[in-house]
2 protein chains.
Amino acid sequence: MVTASRPLRADAARNREKLLTAATELFAERGLDVPMEHIARRAEVSIGTLYKHFPTRDDFVASIFPQRLAALEVIGEKALAEPDPWQALAGYLEDLYAMQSEDRGLNDVLTRELPNAPQVVAACHRGAGHAGILIDRALEAGVLRADYSIADLATLTRAMAQVIRDSPGEWRRFLSIYVEGLRA
Amino acid sequence: MVTASRPLRADAARNREKLLTAATELFAERGLDVPMEHIARRAEVSIGTLYKHFPTRDDFVASIFPQRLAALEVIGEKALAEPDPWQALAGYLEDLYAMQSEDRGLNDVLTRELPNAPQVVAACHRGAGHAGILIDRALEAGVLRADYSIADLATLTRAMAQVIRDSPGEWRRFLSIYVEGLRA
DNA sequence: ACAAAACTTGAGGGCACCCTCGACTTAACG
DNA sequence: CGTTAAGTCGAGGGTGCCCTCAAGTTTTGT
């Protein structure tokens, strides 16, 4: 869309940038629920200005995460390039959750429903596309539990979100056990 | 302990009971974070009375959950009675999470740190004792992944808590995959 | 039946977060 | 420059939850 009405005034553009930077940092550090006031403070901007640019929290989310979720595509491509279907899937999961473990906000995004940030939902769907292919390949190769589906991956993602949150040192181990259970 | 100072006045004893009932119900339905006001309302008692009997949320937790956690002992005993070490462990996990899935408050209790409810912590430790024995048995029998430990069970429990919360229909399936991954 | 002790009540103060809006400031354009 | 539309500011009102305490009520023991 980019309905480029009138362009932003210089100071406004600057503030918008500062807000995005602050929100990006704070989401990553503290998750999606940081108080709006904190974002404004870190951006050195008043709370009123914050609401002028981003009337709802989801406006922040929608402005920040689609970009970040593009990394999903990258790890998806990487996995698709791997010839061994099992290695491809296992590697994908490892990369996916490594990414999730480094950004608390991303962790939240992948866990929650975000009905007001359709761009984010779309980006997730795109990511899921790759995952679906990887699963199909592994199924065809007969290396993956025959009843596995993309829905199981959603469940796993939420479980991993929790594990990452309260034992960031353990997620690889937990994942490796689960992945063992996935073999045909 | 039971430092039976003077016994409670009749009306006070009645109110205490009503509060416990209300809290038990609401914790199970909504989790440990229900507003205190809701508990008071359901108990048909004023908020002041609530605070007289249970000055902190953890006083409720400490009064309610040790009993409930006694069920852990029961399923522990049941599992210990099972001759096959693998079946014993797998059955234990199934029973444990079935229990957890029926009580949102219990789910919270098993997920959180509760430094102010030592009775609850103690009850959990007792439960963990059984689990430890089941794990040792399975290890000795060589049917369980050699590096498995009780710490992994704590991680699993938090993961299951999450799965139970947002996909109550899927936890058995998720668990069964994980358990597959546990085999030696 | 009465007084003292025990208990109950709910208005209200505190806090953290949400968000709005009218008064002020400043960039942009002639 | 001067005008004005665009943008900024932050005090303050709203909400939901926490918890307290002075005034009123009920139980208990005599």
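Chain naming here is simple, since letters A, B, ... match the order of the sequence lines and numbering starts at 1 in each.
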- Using a cut-off of 6.0 Å, state whether more than 12 heavy atoms not belonging to B:Arg145 lie near its atom CZ. yes
- Do the side-chain N or O atoms of A:Arg57 get closer than 4.0 angstrom to the phosphate oxygens (OP1, OP2) of C:dC18? yes
- Query: If only side-chain N and O atoms of B:Asn15 are considered, is one of them under 4.0 Å from the OP1 or OP2 phosphate oxygen of C:dT8?
  - Reply: yes
- Message: Whole angstroms only, please: what is the CZ-C1' distance between B:Arg9 and C:dA6?
- Response: 4 Å
- Starting from the 5' end of DNA chain D, give me the residue, A:Asp11 or B:Asp11, whose nearest nucleotide shows up first. A:Asp11
- Query: Are any of the side-chain nitrogens in B:Arg172 or B:Glu94 under 4.0 Å away from the carboxylate oxygens of its partner?
  - Reply: yes
- Task: Please check the phosphate of D:dC9 (OP1 and OP2 only) for any side-chain N or O of A:Thr49 closer than 4.0 Å.
- Result: yes
- Within the distance-only criterion (no hydrogens, no angle test), does the side chain of A:Asp95 pair as donor or acceptor with the backbone N or O of A:Ile75 below 3.5 angstrom? no
- Query: Roughly how many Å is it from CZ in B:Arg41 to P in C:dT9, rounded to a whole number?
  - Reply: 14 Å
- Task: Please determine, for the side chain of A:Ala10, which listed nucleotide (C:dA28, C:dT8, D:dT27) has the closest atom?
- Result: C:dA28
- So which one's nearest nucleotide on DNA chain C is more toward 5', B:Gly48 or A:Ile47? B:Gly48
- Message: If I take atom CG in residue A:Leu32 and atom P in nucleotide C:dC18, what distance separates them, rounded to the nearest angstrom?
- Response: 13 Å
- Item | Whole-Å gap separating P (C:dT26) and CG (A:Leu8) | 18 Å
- Query: For C:dA16, does OP1 or OP2 lie under 4.0 Å from any side-chain N or O of A:His38?
  - Reply: no
- Message: Under 4.0 Å, heavy atoms only, any strand: does A:Arg16 hit a base, just the sugar-phosphate, or nothing?
- Response: nothing
- Task: Could you check how far CD of A:Glu37 sits from C1' of C:dC15, rounded to whole Å?
- Result: 12 Å
- Message: What's the closest nucleotide to the side chain of B:Ala12 if the choices are C:dT9, D:dC18, C:dC7?
- Response: C:dC7
- Is there a side-chain polar atom (N or O) of B:Arg6 under 4.0 Å from OP1 or OP2 of C:dA5? no
- Interatomic distance, A:Lys52 NZ vs C:dA27 P [rounded to whole Å]: 15 Å
- Within the structure, does a side-chain N or O atom of A:His53 lie under 4.0 Å from either OP1 or OP2 of D:dG7? no
- Message: I'd like to know if the side chain of A:Asp152 pairs up with that of A:Thr155 as donor and acceptor (distance under 3.5 Å, no hydrogens or angles considered).
- Response: no
- Query: C:dC17 P sits how many Å from A:Ile39 CD1, rounded?
  - Reply: 12 Å
- Rounded to whole Å, OH of B:Tyr51 lies from C1' of D:dA22 at a distance of 19 Å
- Looking at A:Glu29 and A:Arg42, does any basic side-chain N land under 4.0 Å from a carboxylate oxygen? yes
